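First the structure, in the form of structure tokens, and then the observations on it.
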Amino acid sequence: MITWFRREARDLPWRRPGFPAWGTLVSEIMLQQTQVARVVPRLEAWLTRWPTPADLAASPPADAVRAWDRLGYPRRALALHAAATAIATDHGNVVPRDVDALLALPGIGDYTARAVAVFAYGDRHPVVDVNVRRVLARAVLGQGQPGPAKAKHDLPLMESVLPADREDAAATNAAVMELGALVCVSRAPACDACPIADRCAWRAAGYPEHDGPRAPRQAKFAGSDRQVRGLIMAELRGSDVPVMRSEIEPVWPDAEQRDRALASLLRDGLAVGDDASGYQLPGV
DNA sequence: AAACCGTGGGC
DNA sequence: TGCCCAAGGTT
């Protein structure tokens with residue numbers, strides 16, 4: 001497993017020697033529900049502009065949202081800015097190493113907290129993302145697809161597979177994740193190229209169809225409030241001055257849905273303003 | 001705890 | 001083409 005990883009691992013920015021913990025944190029938040037290929041260029045630009053948390057904290061949230069551009073889920077940009085502010089003020093501008101301290105930061109949950117502790121600091125924790133859940137579902141549980149994510153179940157399962165040694169455990173976390181991303185993929189797994197095919201419970205059972213509960217499918221995007229929010233955000237990102245309501249109208253025909261989307265953006269803090277002064281990104 | 005939150009690539 | 005999927009988190 002670890003041998004396979006050392007041979008096959010992709011050359012990614014966050015695997016470079018000396019890559020800062022701050023970079024790991026930024027990369028992990030960017031990678032939430034977002035493909036590696038789309039993250040890499042944004043990550044490099046981000047770290048060049050904001051080399052430390054304090055640098056980001058010194059910029060207005062609007063700059064973070066603009067730099068986020070079209071990565072998606074712009075709340076992440078706002079959360080990252082808030083996390084950087086907390087790190088700069090409460091943690092001496094040093095990304096926390098403790099999992100509970102990381103969990104206390106906005107936008108950081110079970111996966112991201114452990115990913116930072118393990119990949120930035122080399123500590124021994126189970127790291128469970130969608131790739132890991134799929135590999136465990138197949139290799140250990142003998143199921144074709146993972147069920148709904150459940151930390152209470154997923155973390156102990158990964159823990160049971162981790163080597164005792166700290167460095168080996170970190171390498172195993174990365175290796176299982178990489179295996180799920182490159183070989184044990186969701187649709188057409190490349191079992192011929194799998195280093196643990198001879199130990200895979202799913203393969204041994206003859207690849208049975210999945211019967212248990214599946215992870216819930218995403219709601220349709222076309223025509224959704226999420227789509228309208230995205231269109232409004234693109235409008236706000238593209239303007240240096242407040243955007244009037246009349247300028248938002250053209251982005252979507254349904255006025256009621258438009259208003260609902262704008263109201264939700266205001267509630268999320270991704271937009272500020274009113275009809276009189278116009279709407280813009282937060283903090284100038 | 002189910003629902004919501006963007007965007008784009010692959011097939 | 002339309003659907004599945006992607007290094008999840010928050011409410």
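The analysis underlying the following values was restricted to heavy atoms, covering all of them including side chains, and did not include hydrogens, waters or symmetry mates. Proteins come first, then strands; the chains are lettered A, B, ... in the order of their sequence lines, and each starts at number 1. Because the structure is predicted, anything quoted here is derived from the model rather than measured.
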For A/L103, the other hydrophobic cluster members (4.5 Å side-chain criterion, sorted by chain and number) are A/V99
Closest contact, heavy atoms only, A/A84 versus A/P53: CB-O, 3.5 Å
Less than 4.0 angstrom from a charged side-chain N to a carboxylate O is my criterion; do A/D63 and A/R49 meet it? yes
Expressed in whole Å, how much space separates the P atoms belonging to C/dG9 and B/dG8? 22 Å
Does the pair A/D268/A/R229 count as a salt bridge with the N-to-O cut at 4.0 Å? yes
Can you tell whether the side chains of A/R258 and A/D254 come within less than 4.0 Å, N to carboxylate O? no
Kindly write out the residues that satisfy salt bridge (Lys or Arg N to Asp or Glu O under 4.0 Å) with A/E8, not counting sequence neighbours, or none if the list is empty. none
Listed partners of A/W252 passing ring pair (Phe, Tyr, Trp, His ring centres under 6.0 Å), at least two apart: none
Please report the distance separating the P of C/dA7 from the corresponding atom of B/dC5, rounded so that it comes out in whole Å. 22 Å
Output the residues of residues 39-52 of chain A in contact with DNA chain C, where contact means a heavy atom of the residue under 4.0 Å from an atom of the strand; sort by number or write none. none
Tell me the interatomic distance from A/L155, atom CG, to C/dG9, atom C1', rounded to whole angstroms. 14 Å
Protein-nucleotide distance (A/L80, atom CG; C/dG8, atom C1'), rounded to Å: 14 Å
Contact check, residues 8-35 of chain A vs DNA chain C, heavy-atom distance under 4.0 Å, returns A/R10, A/L12, A/W14, A/R15, A/E28, A/L31, A/Q32, A/Q33, A/Q35
Sugar-phosphate only, base, or nothing, as touched by A/R217 at under 4.0 Å among non-hydrogen atoms: sugar-phosphate
Modelled atom types, side-chain donor and acceptor of A/Q32 and A/T112, under 3.5 Å: yes
Verify the ring-centre separation between A/W22 and A/W50: is it less than 6.0 angstrom? no
Step-by-step side-chain contact (heavy atoms from CB on, under 4.5 Å) determination, A/L265 to A/I232: CA-CA 9 Å; A/L265 290 173; A/I232 296 175; 3.7 Å; yes
Please work out which residues in residues 219-242 of chain A have a non-hydrogen atom less than 4.0 Å from an atom of DNA chain C and list them by number. none
Quick one: how far along DNA chain B does chain A reach, first to last nucleotide 5' to 3', anything under 4.0 Å to a heavy atom? B/dC5 to B/dG10
Closer than 3.5 angstrom, by distance alone: can the side chain of A/R138 be matched with the main-chain N or O of A/A201 as a donor-acceptor pair? no
Non-neighbouring partners of A/W202 that pass ring pair (Phe, Tyr, Trp, His ring centres under 6.0 Å), sequence neighbours left out: A/Y207
Can you list everything that forms a salt bridge (Lys or Arg N to Asp or Glu O under 4.0 Å) with A/R217? Sequence neighbours excluded, please. none
Select base, sugar-phosphate, or nothing to describe what A/V130 touches, counting heavy atoms under 4.0 Å on all strands. sugar-phosphate
Applying salt bridge (Lys or Arg N to Asp or Glu O under 4.0 Å), can you list everything that pairs with A/D274, at least two apart in sequence or on another chain? none
Length of the CD-C1' vector between A/E178 and C/dA6, whole Å: 14 Å
In whole Å, what is the span from the CG atom of A/L71 to the P atom of C/dA6? 17 Å
Pull out every residue in residues 252-271 of chain A that has a heavy atom closer than 4.0 Å to any atom of DNA chain C, ordered by number, or say none. none
Minimum heavy-atom distance A/A197-A/C191, with the two atoms named: CB-O, 3.8 Å
Atom pair distance, as rounded to whole Å: CD in A/Q218 and C1' in C/dG8: 11 Å
Can you list, by residue number, the residues of residues 100-115 of chain A that have a non-hydrogen atom closer than 4.0 angstrom to DNA chain C? A/P106, A/G107, A/I108, A/G109, A/D110, A/Y111, A/T112
Hydrophobic clustering (ILVMFWY, side-chain heavy atoms < 4.5 Å, transitive) - are A/W14 and A/V26 grouped together? yes
For A/R133 and C/dA6, give me the distance from atom CZ to atom C1', rounded to whole Å. 12 Å
Same cluster (ILVMFWY, side-chain, under 4.5 Å), A/Y121 and A/V127: no
When you look at A/M30 and A/W68, which way does the side-chain contact (heavy atoms from CB on, under 4.5 Å) test go after all the steps? CA-CA 9 Å; A/M30 287 185 169; A/W68 200 259; 3.7 Å; yes
Considering every strand and a 4.0 Å limit on heavy-atom distances, what is the contact class for A/P74: base, sugar-phosphate, or nothing? sugar-phosphate
So A/R38, base contact, sugar-phosphate only, or nothing? Heavy-atom distance under 4.0 Å. base
Distance in Å, A/E209 CD paired with A/Q143 CD, rounded so as to fall on 0.5 Å steps: 12.5 Å
To the nearest angstrom, the CG-C1' distance between A/N131 and C/dA6 comes to 8 Å
